[in-house]
**Q** 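Take this structure, written in structure tokens, and hold onto it; I'll ask about it next.
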Amino acid sequence: MIPAMTLTSRIKEVTKQALQTLYPDIDINLSLVAVNQTKPEFTGDYTVVLFPFVKQLRQKPDVLGKQLGDHLVASNPGFFTGFEVVSGFLNLSINDNEWLGFLTATVGKENLVEKTATGKKVMVEYSSPNTNKPLHFGHLRNIFLGYAMAEVLEANGNDVVKANLINDRGIHICKSMIAWQRAAGGATPETANVKGDHLVGDYYVKFNDIYKEEVAALVAGGMEEAVAEKEAQIMKDAQEMLVKWEAGDQETRELWERMNSWVYKGFEVSYKKLGVDFDKMYYESNTYLLGKEIVERGLEKGVLFKKENGSVWIDLTADGLDEKLLLRGDGTSVYMTQDLGTAVLKYNDFKLDQSIYVIADEQNYHMQVLKLILQKLGEPCADGIFHLSYGMVELPSGRMKSREGTVVDADDMIDEMISLSKEQTEQAGKTEGFTEDELKVLYETIGLGALKFYLLRVDPKKKMIFNPKESIDLHGFTATFIQYAHARICSILRKEGVSLNGNEGFDSLKLKEAIAPAEKKLVLALEQYSSILEAAAEEYNPSLLCNYSFHVAQLFNSFYDAHSISKAENEEKKQLRLMMIIITANTLRHAMNLLGIRLPEKM
RNA sequence: GGUCCGGUAGCUCAGUUGGAUAGAGCAUCAGCCUUCUAAGCUGAGGGUCAUUGGUUCGAAUCCAAUCCGGAUCACCA
């Protein structure tokens, strides 16, 4: 279906037409037509900026504004009701019936915006954890961002595959295995009563403790530190284990599978709690050998070159980058090698038009190089690669460091948020009329909503600072604020016996009096939703939905304060306001749903 | 050192291809619950948009230089 044209784009269109009609002999650059929302201190709804045209048309802004305004009102009598020219700005007033038309067309639709299918297959890879430690706060930003981005792209008509590439092999995995063998005494998640990913993570920490001790002992014995770091027994053991793993040693593989299975069970619990899912899992243990063939082909093509010791490189200096290693001298692959292979694998698996990687900005260079190499190799997957780069989450004291124990654990954070929401709900005395089970759901809805919103509300590109001491607020620019507005609406609708997908009887509504300012502001914002949704996809920025939803909730609260819905001045007003709040609730739901945030009907 | 990213109110952040007197939230202060949920609303104070120069009718936004902070440039992953 063809989406209805937004008001701003309609205004742009008629303005372009008007300019061409008024100045048929002048070739005007119509892309300069800018339509903004009129500032509250002026009368009008939308504003056309006149400055871009005054020079070319040789008119004073005021004269041009008058001309354009007269023409627009005259040629679109049902659309504009009037205009005002203020120092170079043409402020246009829109006919209330346009707003009414939007409301009646939108009310009751749960799927507010039906975007035309793009026919594009898009993969979003996110989360992509290591199996040697539990998820931490930084991972949460990745997970929420990836999930939200996938949903936003889907809502914009793309066919989306959510993928997770699990880093389940390598020296870091062997470290927790070695430490577990040495120090766990056979402990399992069951016997230790610890979530599997946490148990394995504990032994990863343990490895570092033992390692430090061993290095210290060697140094005390007169060895140089750099040498000691290589000679420490536990490090040698880990490296030996990696060799055994790669050779397929049965005992090693069994332990590896056993410990990984603990981690997966733990992750599953966390993912489920977070409300995120994946369509396709990739495991590095299956993909780490990929890419060598691609490198071979690159050598044949002459895109890559071999050094004396047999290592394979690509020269990117012409692109302002460095030389990059793709195969070691002994023929084994490096990180980049497998990433080349995985990129091609993904492409072949799904015939992707676009492949999005949600990865922190510390890997900007890596991703730039990855794409560039694939392009130089002429791989068809290359151009579709997009790095959705996001800033790291830092503590006031700086980056989280697992070795210094400053990492904020994801599971702890979730639990903390849920108990915070419980505390606040009880404090506000809002638990009446709920069963125990309902309260449990409510606390999760509020707690997780707050957490997700907190991490999604900032532009992904920017790094963010999280202060655990202050925890996360449930007032102001938060999911709670939006949830509360939604609950208020649902409460009214319950009392009025109107449902969110009901649209009975609204068609025949005729306006008898002007839409009031507080009403107008809300309708105006609601009408902009579909363009916000598009922008969120185009800019790969779900935070736009946070800002927008908060703004709508704010406008609703002011509106709610100024006007009674149930006891409206007359039946027309009541109908109008019911439509407005139904669409408000559906808009908030739609937007928050895409971010994985649920809105309660009571709170 | 090369490349890239960032610097907006005390704090955390918005600020659409350049547009009107730079906006929110938190915190501070002052008001608002016999009326649909006060997790709310209304108002006040708070700014050299890092600095300097340039581009023009107009710059937080574009360009250049400088200062500060961060990331990255491994036969690590």
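Letters A, B, ... mirror the listed sequences (proteins, then strands); counts begin at 1.
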**Q** Can you tell me whether the side chain of A/Thr425 and the base of B/A39 have a donor-acceptor pair closer than 3.5 Å?
**A**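 Result: at least one qualifying N/O pair found.
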**Q** Under the ring pair (Phe, Tyr, Trp, His ring centres under 6.0 Å) test, which residues partner A/Trp245, sequence neighbours left out?
**A**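 With neighbours one apart ignored, the set is A/Trp256, A/Tyr288.
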**Q** What residues form a side chain to side chain donor-acceptor pair (under 3.5 Å) with A/Thr47, not counting sequence neighbours?
**A**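 Listed in chain order: A/Thr38, A/Asn91.
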**Q** Would you tabulate the pairs of protein nitrogen or oxygen atoms and nucleotide nitrogen or oxygen atoms of nucleotides 54-61 of chain B closer than 3.5 angstrom?
**A**
from: B/C57; atom 1: OP1; to: A/Lys55; atom 2: NZ; distance (Å): 2.7

**Q** On RNA chain B, does the nearest nucleotide to A/Val458 precede the nearest nucleotide to A/Asn130 from the 5' side, or the other way round? Give the residue.
**A**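 The residue mapped nearer the 5' terminus is A/Val458.
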**Q** What nucleotide, of B/A39, B/C41, B/U72, holds the atom closest to the side chain of A/Ser558?
**A**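 Among the listed nucleotides, the one closest to the side chain of A/Ser558 is B/C41.
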**Q** Quick one: list whatever passes ring pair (Phe, Tyr, Trp, His ring centres under 6.0 Å) with A/Tyr126, sequence neighbours left out.
**A**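 For A/Tyr126, the residues satisfying ring pair (Phe, Tyr, Trp, His ring centres under 6.0 Å) (neighbours in sequence not counted) are A/Phe278.
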**Q** Where do N or O atoms of nucleotides 1-5 of chain B meet protein N or O atoms at under 3.5 Å, pair by pair?
**A**
none

**Q** Considering residues at least two apart in sequence or located in another chain, which fulfil the ring pair (Phe, Tyr, Trp, His ring centres under 6.0 Å) criterion with A/Tyr548?
**A**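 Applying ring pair (Phe, Tyr, Trp, His ring centres under 6.0 Å) to A/Tyr548 gives A/Tyr529.
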**Q** Can A/Glu362 and A/Arg399 be counted as an ion pair, charged N to O under 4.0 angstrom?
**A**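 Yes, this pair counts.
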**Q** For each nucleotide in nucleotides 20-28 of chain B, reading 5' to 3', give B when a protein heavy atom comes within less than 4.0 Å of its base, S when such contact involves only the sugar-phosphate, and - otherwise.
**A** B---SSS--
**Q** Apply side chain to side chain contact (heavy atoms under 4.5 Å, CB included) to A/His136 and list each qualifying residue two or more places apart in sequence or on a separate chain.
**A**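 Scan of A/His136 (side chain to side chain contact (heavy atoms under 4.5 Å, CB included), adjacent residues dropped) gives A/His139, A/Met400, A/Val407.
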**Q** Please map the stems of RNA chain B, keeping only stretches of three or more Watson-Crick or G-U wobble pairs with both distances under 3.5 angstrom.
**A**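 RNA chain B stems, ordered by first number: B:1-7 with B:67-73, B:10-13 with B:23-26, B:28-32 with B:40-44, B:50-54 with B:62-66.
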**Q** Quick check, are the ring centers of A/Tyr335 and A/His366 under 6.0 angstrom apart?
**A**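 Ring centroids of A/Tyr335 and A/His366 are less than 6.0 Å from each other.
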**Q** Who are the side chain to side chain donor-acceptor pair (under 3.5 Å) partners of A/Ser128, not counting sequence neighbours?
**A**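 A/Ser128: side chain to side chain donor-acceptor pair (under 3.5 Å) contacts with A/Glu125.
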**Q** Centroid-to-centroid, A/Phe453 to A/Phe550, below 6.0 Å?
**A**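 Centroid separation for A/Phe453 and A/Phe550: 6.0 Å or greater.
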**Q** Just grab all the salt bridge (charged side-chain N to carboxylate O under 4.0 Å, His left out) pairs involving residues 419-433 of chain A, residues at least two apart or on different chains.
**A**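 Matches after skipping sequence neighbours: A/Lys422-A/Glu426.
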**Q** For A/Ala487, check side chain to side chain contact (heavy atoms under 4.5 Å, CB included) against everything at least two apart and list the hits.
**A**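 If we apply the side chain to side chain contact (heavy atoms under 4.5 Å, CB included) test to A/Ala487, skipping adjacent residues, the hits are A/Met603.
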